[in-house]
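Scroll down for the structure; my scribbles are underneath it.
Basis for what follows: all heavy atoms, side chains included, without hydrogens, waters or symmetry-related copies. Throughout, protein chains are lettered first and strands after them, A, B, ... in sequence-line order, and every chain is numbered starting at 1.
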There are 2 protein chains.
Amino acid sequence: MAGPGRPRSFDRAAALERAMRVFWERGYETTSMTDLTTAMGINSPSLYAAFGCKEQLFREAVALYDATEGGPVTRALTEAPTARDAVEAVLRHNACAFTQEDKPRGCMIVLAATHCAEANTEVRDHLARWRCVGMRELAQRLDRGVREGDLPAGVDTSAVASYYTAVIQGMSVQARDGASHATLTKIVDRAMAAWDAVVTVH
Amino acid sequence: MAGPGRPRSFDRAAALERAMRVFWERGYETTSMTDLTTAMGINSPSLYAAFGCKEQLFREAVALYDATEGGPVTRALTEAPTARDAVEAVLRHNACAFTQEDKPRGCMIVLAATHCAEANTEVRDHLARWRCVGMRELAQRLDRGVREGDLPAGVDTSAVASYYTAVIQGMSVQARDGASHATLTKIVDRAMAAWDAVVTVH
DNA sequence: TGGTTTCTGTGCTGAGCGATACAGAAATGG
DNA sequence: CCATTTCTGTATCGCTCAGCACAGAAACCA
């Protein structure tokens with residue numbers, strides 16, 4: 001593992017985790033390299049040597065976020081026995097995840113780059129693609145529900161996915177605005193009470 | 001009206017309208033003073049003389065946004081005969097408003113300051129307060145529905161307001177990501193199909 | 001041991017940020 | 001007319017941004 005040259009004096013994975021926290025908390029554009037180096041406990045050249053540039057570091061941070069915070073969601077989606085159970089598990093998990101005491105509130109993928117500088121539209125598009133993937137995963141789980149018979153044939157699964165994705169995105173905004181776990185749970189209760197009506201529109 | 005001194009050589013209201021567009025499109029932090037002066041067609045000192053500073057200009061822009069874009073929403077809320085009609089009118093109006101060809105997509109109040117620099121937390125809080133007001137207006141309209149009998153007594157109106165607010169906020173995110181009017185309408189269709197279930201949770 | 005390689009910390013770079021100093025221009029009041 | 005006031009354009013200000021040059025330090029290999 002160790003080739004020639006002076007070995008890195010910091011834990012790359014731990015530093016990335018700290019960077020993820022900062023980006024999650026403060027967003028891409030409004031996080032400065034100084035914020036990052038301070039949080040990561042390293043100097044600027046070490047950061048550039050290990051991660052390339054701010055944008056590459058952000059992409060790695062997003063990937064880490066998806067793996068750690070998004071992992072349980074994906075798992076809940078696939079492991080639940082029915083489409084309804086899957087959606088409910090995702091929503092209730094997010095109601096908890098978005099209001100954890102020791103973590104930034106809401107979803108990083110929804111909140112971290114709603115806008116960006118003209119030169120960095122790539123960053124916004126990158127997150128938009130992740131959002132799109134999340135919605136598609138949800139739609140595919142609904143499709144599976146149709147195939148397995150727990151959802152009626154003819155359901156507009158992509159429309160239902162858009163709807164529940166909108167609820168989740170709104171929960172992110174409200175979580176960031178300080179909404180409590182109880183409030184998010186009330187939103188989830190209503191979104192799930194709506195299930196039968198939502199899947200049988202037209 | 002005209003006192004002593006050289007008269008202003010530009011239309012203050014028109015310049016403010018242009019500034020609102022830019023802030024709506026690009027957000028608070030990611031809009032530079034150069035972006036603003038260019039769009040407004042004036043030089044920096046004229047901007048500062050007329051509007052104070054970037055933050056004051058933003059607040060005026062938000063107030064203008066609320067008056068122009070938010071006005072129809074507030075009107076729909078009060079003029080609709082029932083709470084259900086009111087909520088549906090707001091949602092359908094927003095499905096259109098968020099996808100207009102010649103305007104930035106989504107709601108400025110939801111999108112323009114999800115994050116800000118450490119020194120400008122006031123700006124974020126300012127918009128968060130506007131979001132909170134919108135949700136409260138919705139809750140008050142639901143309360144009126146209870147008083148007028150078109151909603152059953154005992155409805156958790158603030159929970160229902162949180163739920164529909166979440167849907168609207170999610171619609172803003174998806175509109176900004178490029179969702180079509182048709183897609184937003186499908187979300188609205190489902191959110192409204194859910195009405196009976198949503199207002200009778202527990 | 002010395003040569004090579006890679007990382008580290010100091011200190012800097014050009015560019016862009018929000019905000020102004022200043023002098024001249026254009027209005028009013030006397 | 002001239003004094004006063006306020007706006008306008010030019011030309012910056014000090015500061016922070018993302019990113020890097022460079023020299024020294026710490027590992028490897030021969």
Side-chain angles (χ1 to χ4, degrees), chain A residues 1-16 18-19 22-23 25-61 112-113 115-124 126, chain B residues 1-16 18-19 22-23 25-61 112-113 115-124 126:
Chain A
M1 186 59 60
R6 179 173 176 173
R8 184 177 287 132
S9 68
F10 62 93
D11 182 337
R12 191 184 189 280
L16 178 59
R18 300 239 186 102
V22 179
F23 278 131
E25 173 80 41
R26 324 217 331 93
Y28 178 74
E29 290 289 347
T30 48
T31 295
S32 70
M33 295 306 291
T34 305
D35 293 332
L36 290 166
T37 53
T38 302
M40 298 163 86
I42 59 177
N43 292 109
S44 175
S46 297
L47 189 155
Y48 281 92
F51 298 100
C53 66
K54 188 186 180 186
E55 180 174 342
Q56 285 183 324
L57 174 59
F58 181 71
R59 286 170 190 255
E60 278 203 56
H115 293 95
C116 62
E118 213 128 8
N120 301 335
T121 45
E122 274 298 314
V123 173
R124 222 206 78 84
H126 181 67
Chain B
M1 185 58 61
R6 179 173 176 173
R8 184 178 287 132
S9 67
F10 61 94
D11 182 338
R12 191 185 189 279
L16 177 58
R18 300 241 186 101
V22 179
F23 277 131
E25 173 79 42
R26 324 217 330 96
Y28 178 74
E29 290 288 348
T30 48
T31 296
S32 70
M33 295 305 292
T34 304
D35 293 332
L36 290 166
T37 52
T38 301
M40 298 163 84
I42 59 177
N43 291 109
S44 177
S46 297
L47 189 156
Y48 281 92
F51 297 100
C53 65
K54 188 186 180 187
E55 179 174 343
Q56 285 183 325
L57 174 59
F58 181 70
R59 286 171 190 255
E60 278 202 55
H115 293 95
C116 63
E118 213 128 9
N120 302 335
T121 46
E122 275 299 315
V123 173
R124 223 206 79 83
H126 181 68

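- The interatomic distance linking F58(A) (CZ) with dA18(D) (P) rounds to 13 Å, in whole Å.
- Side-chain contact check for E60(A) versus R12(A): some heavy-atom pair is nearer than 4.5 Å.
- At least one side-chain nitrogen or oxygen of S46(B) sits closer than 4.0 Å to the OP1 or OP2 atom of dT8(D).
- Put simply, CG on L36(B) is 10 Å from P on dA19(C), counting in whole angstrom units.
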Subject >> Audit row: S32(B), D35(B), side chain to side chain donor-acceptor pair (under 3.5 Å) steps and yes/no >> reply: CA-CA 5 Å; S32(B) 70; D35(B) 293 332; 3.2 Å; yes
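- Note: F23(A) and Y28(A) have parallel aromatic rings, judged against thresholds of 30 and 60 degrees for the angle between ring planes.
- Across the protein-nucleic acid pair, M40(A) atom CE and dA18(D) atom P stand 13 Å apart, rounded to whole Å.
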Original post:
Just by protein heavy atoms under 4.0 Å, how would nucleotides 22-30 of chain D read 5' to 3' in B, S and -?
Top reply: --BBBBS--
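- Between S44(B) and R8(B), the residue anchored closer to the 5' end of DNA chain D is R8(B), taking for each the nucleotide with the nearest heavy atom.
- Note that CD of E122(B) and CG of N120(B) are 9.5 Å apart. Values are rounded to the nearest 0.5 Å.
- Atom P of nucleotide dA26(C) and atom CZ of F10(B) are separated by 17 Å, given to the nearest angstrom.
- If you measure from atom CZ of F51(A) to atom C1' of dG19(D), you get 16 Å, rounded to the nearest angstrom.
- Taking OG1 of T121(B) as the start and NE2 of H126(B) as the end, the distance is 13.5 Å to the nearest 0.5 Å.
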**OP:** Kindly determine whether R124(A) and H115(A) satisfy side chain to side chain donor-acceptor pair (under 3.5 Å), including the steps that lead there.
**Re:** CA-CA 7 Å; R124(A) 222 206 78 84; H115(A) 293 95; over 6 Å; no
Enumerate the protein-to-nucleotides 15-18 of chain C contacts in which both atoms are nitrogen or oxygen and the separation is below 3.5 Å.
{"from": "dC17(C)", "atom 1": "OP1", "to": "S32(B)", "atom 2": "OG", "distance (Å)": "3.3"}
{"from": "dG18(C)", "atom 1": "OP1", "to": "T31(B)", "atom 2": "O", "distance (Å)": "3.2"}
{"from": "dG18(C)", "atom 1": "OP1", "to": "K54(B)", "atom 2": "NZ", "distance (Å)": "2.9"}
{"from": "dG18(C)", "atom 1": "OP2", "to": "M33(B)", "atom 2": "N", "distance (Å)": "2.5"}

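- Considering only heavy atoms from C-beta on, E29(A) stays 4.5 Å or farther from E29(B) through its side chain.
- Between the CD atom of E55(B) and the C1' atom of dA19(C) there is a distance of 14 Å, rounded to whole Å.
- Distances shown here put a side-chain N or O of S9(A) below 4.0 Å from the OP1 or OP2 atom of dT8(C).
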Subject >> Chi angles and distances behind the side chain to side chain contact (heavy atoms under 4.5 Å, CB included) call for Q56(B), Y48(B) >> reply: CA-CA 10 Å; Q56(B) 285 183 325; Y48(B) 281 92; over 6 Å; no
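- Spacing between atom CD of E118(B) and atom C1' of dT16(D) amounts to 14 Å, rounded to whole angstrom units.
- Geometric assessment of R8(B) against the ring of F10(B) yields a positive cation-pi assignment under the 6.0 Å and 45° thresholds.
- The distance between atom CG of N43(B) and atom C1' of dA23(C), rounded to the nearest whole Å, is 15 Å.
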